[in-house]
Protein chains: 2
Amino acid sequence: MRSEQGERVRTMQVRTVRIVVSLKPGVLDAPGQAIRQGLDALGHPGVQHVRAGKYFEVELDDDGRVEERVREICEGFLANTLIEDYRYEIL
Amino acid sequence: MRSEQGERVRTMQVRTVRIVVSLKPGVLDAPGQAIRQGLDALGHPGVQHVRAGKYFEVELDDDGRVEERVREICEGFLANTLIEDYRYEIL
């Protein structure tokens, strides 16, 4: 949007989205296994299972289609949907 | 705990904990910046800010001090508390 003077005017609110990307169930999670074994060896028994993933906090302009854009961003860039699931929470 | 026969008996429930580790505010987040610039270049304008972090889903025996153990695990192993914050949610 531009004002009468041609300057860019920001009228959109910014939304924060929390995104978690993690391996699909059944896909070997080598880092997670290594962490579990390491914790056990380093004095933390009783940890049954660890799965490692990625976390992103994204702030984007609210143009009314935030959810659609978040899905495009996740599927196109942040997650490899062959082996990873993603979930998000729009704050 | 051991049964009368000396076998190990599992009586503890397992709790799932979701842990997010992210850089403290003010610490340069180069991956997050690269993602933001990449999204902009690849057709996703309007992303103001990205912060990248790590996500862990941990299942551990509930011995009555789950929260204390989770903090120890985060501070000792999963997070570098000089530059990273962590938060967790015990399900």
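Proteins get letters first, then strands, A, B, ... in listed order; numbering begins at 1 in each. These numbers come from a predicted model, not from an experiment.
Separation of atoms CD (A:Gln48) and CZ (B:Arg15) is listed at 14.0 Å; rounding is to 0.5 Å. With rounding to the nearest 0.5 angstrom, the CD1 atom of B:Ile35 is 8.0 Å from the NZ atom of A:Lys54. With values rounded to the nearest 0.5 angstrom, B:Asp29 atom CG is found 10.0 Å from A:Phe56 atom CZ. A distance of 9.5 Å separates NE2 in B:His49 from OG1 in A:Thr16, rounded to the nearest 0.5 Å. One distance of note links CG of B:Leu39 with CZ of A:Arg69; it measures 10.0 Å at 0.5 Å rounding.
B:Val70 and B:Leu78 end up in the same hydrophobic cluster when Ile, Leu, Val, Met, Phe, Trp and Tyr side chains are linked at under 4.5 Å. A single hydrophobic cluster is not seen to contain both A:Val14 and A:Ile73; linkage of ILVMFWY side chains at heavy-atom distances under 4.5 Å, directly or through other members, places them apart. There is no path of hydrophobic side-chain contacts, each under 4.5 Å, that joins B:Met12 to B:Val17.
With a 4.5 angstrom heavy-atom cutoff, B:Val50 touches chain A via backbone and side-chain atoms both. Only the side chain of B:Arg18 comes within contact range of chain A, with heavy atoms under 4.5 Å apart. Of the atoms belonging to B:Ile19, not a single heavy atom falls under 4.5 Å from chain A.
Among A:Asp63, A:Val58, A:Val21, the residue with the largest count of heavy-atom pairs under 4.5 Å with chain B is A:Val58. Among A:Arg36, A:Glu72, A:Glu59, the residue with the largest count of heavy-atom pairs under 4.5 Å with chain B is A:Glu59.
Two residues are said to be in side-chain contact when any heavy atoms from C-beta on lie closer than 4.5 Å; B:Asp61 and A:Val47 fail this criterion.
Taking A:Pro45 as the reference, A:Asp40 meet the side chain to side chain contact (heavy atoms under 4.5 Å, CB included) condition, with sequence neighbours excluded.
Close approach to chain A, defined as a heavy atom under 4.5 Å from one of its heavy atoms, is seen in B:Arg87 of residues 80-91 of chain B, taken by number.
Looking at every heavy atom in both residues, A:Phe77 comes nearest to B:His44 through CE1-CD2, 3.4 Å.
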